[in-house]
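Input: a single structure, listed below in structure tokens.
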Amino acid sequence: MNGRKKAMDYIKLSKEISYALRHAPWEYELEIDDEGYVDINQLLASLNELNIYDRLIVKEDLEYIVNNSDKKRHEIKDGKIRALYGHSIINKISKEIAIPPKILYHGTAKKFVDSIVSNGLLPMNRQYVHLSVDEKMAITVGKRRDNNPVILEIDCQSAVNDGVIFYIGNDKVWLCDKVPPKYIKIKLDTK
Ligand code: HQG
């Protein structure tokens with residue numbers, strides 16, 4: 001065995017799959033369809049060319065990641081796999097429109113709050129704004145950027161009544177094209 005090759009690392013592999021499917025399918029020679037799916041065999045071939053691990057990555061490894069990750073980031077269907085949210089590629093992934101819960105949450109850094117209050121929540125480098133189903137999750141999301149994140153409460157009920165469209169990411173993540181300031185309330189400053 002080549003000593004430099006590593007044992008399978010599912011967290012690292014999951015991150016690499018997210019990177020490929022959300023941000024850079026072309027780097028992995030993947031054709032991505034309108035819903036974000038790529039062919040599993042194409043993805044495996046490309047990952048295995050990198051020759052990182054001490055064995056080949058197989059379909060069951062992808063299934064393991066999908067079924068055992070802390071979050072439902074990816075979905076497998078009919079020999080294809082996709083990221084459920086997080087995309088930044090130019091061609092917008094089409095997502096299923098649905099009516100969200102009355103309230104959703106967004107965790108962010110304090111330094112962004114003034115801009116968000118003025119301009120609303122914008123997708124920034126991604127295709128959609130990402131919203132969380134509960135405050136706990138929003139705090140975790142916000143902590144990626146600020147030890148004391150600010151939690152925003154989104155009045156989805158009013159937004160839906162006014163015609164704002166929401167999309168399903170997964171069971172805990174909702175997506176939106178943008179959230180105008182009038183539906184945003186500062187819920188919790190965790191400091
Ligand atoms: C902020 C992770 C200034 C926004 C997470 C956020 C999530 C503004 C940042 C998912 C703004 C964008 C996405 C405005 C928004 N002015 N700043 N008008 N509007 N922002 O990473 O929601 O673990 O693109 O508040 O858990 O943090 O990778 O979005 O701070 O579910 O699966 O601009 O990614 O999931 O940051 O995270 P991001 P996000 P994974």
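Values reported hereafter were calculated over all heavy atoms of this structure, with side chains retained and with hydrogens, waters and symmetry mates removed. Residue indices begin at 1 and follow the sequence shown. Note that ligands are numbered from 1 as they come in the structure, with each ligand's atoms numbered from 1 the same way.
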[X]/[Y] ion pair, N-O < 4.0 Å:
X: D61; Y: R55; value: yes
X: D177; Y: K92; value: yes
X: D114; Y: K111; value: no

Specify the protein heavy atom at minimum distance from [atom]: its residue, its atom name, and the distance to 0.1 Å.
atom: atom 21 (O) of ligand 1; result: R145 NH2, 2.5 Å
atom: atom 1 (C) of ligand 1; result: F112 CD1, 3.8 Å
atom: atom 11 (C) of ligand 1; result: I116 CG1, 3.4 Å

Query raised in the report: Can K95 be said to sit on top of Y167's aromatic six-ring, NZ or CZ under 6.0 Å from centre and within 45° of the ring axis?
Result: no
May I ask which of [options] has a heavy atom nearer to [atom] than the others do?
atom: atom 34 (O) of ligand 1; options: K178, R126, H130, M137; value: R126
atom: atom 27 (O) of ligand 1; options: R144, H106, R73; value: R144
atom: atom 23 (O) of ligand 1; options: K143, K71, K72, M124; value: K71

Near [X], which atoms of ligand 1 are under 4.0 Å from a heavy atom of that residue?
X: L122; value: 15 (C), 18 (N), 19 (N)
X: S115; value: 3 (C), 14 (C), 16 (N), 18 (N)
X: T108; value: 4 (C), 25 (O), 30 (O)
X: Y85; value: 31 (O), 32 (O), 35 (O), 40 (P)
X: L121; value: 15 (C), 19 (N)
X: G120; value: 14 (C), 18 (N), 19 (N)
X: V141; value: 5 (C), 26 (O), 27 (O)
X: R22; value: 28 (O), 32 (O), 40 (P)

Do [X] side-chain atoms and [Y] backbone N/O form a donor-acceptor pair below 3.5 Å?
X: S69; Y: I65; result: yes
X: R22; Y: Y85; result: yes
X: R126; Y: G86; result: yes
X: S46; Y: Y28; result: yes
X: E29; Y: L43; result: no

Requested in this report: Run the contact test for S118 against ligand 1 with a 4.0 Å cut-off on heavy atoms, strictly below, and give the result.
Outcome: no
Query raised in the report: Which atom pair, heavy atoms only, marks the closest approach of L21 to V38?
Result: CD2-CG2, 3.5 Å
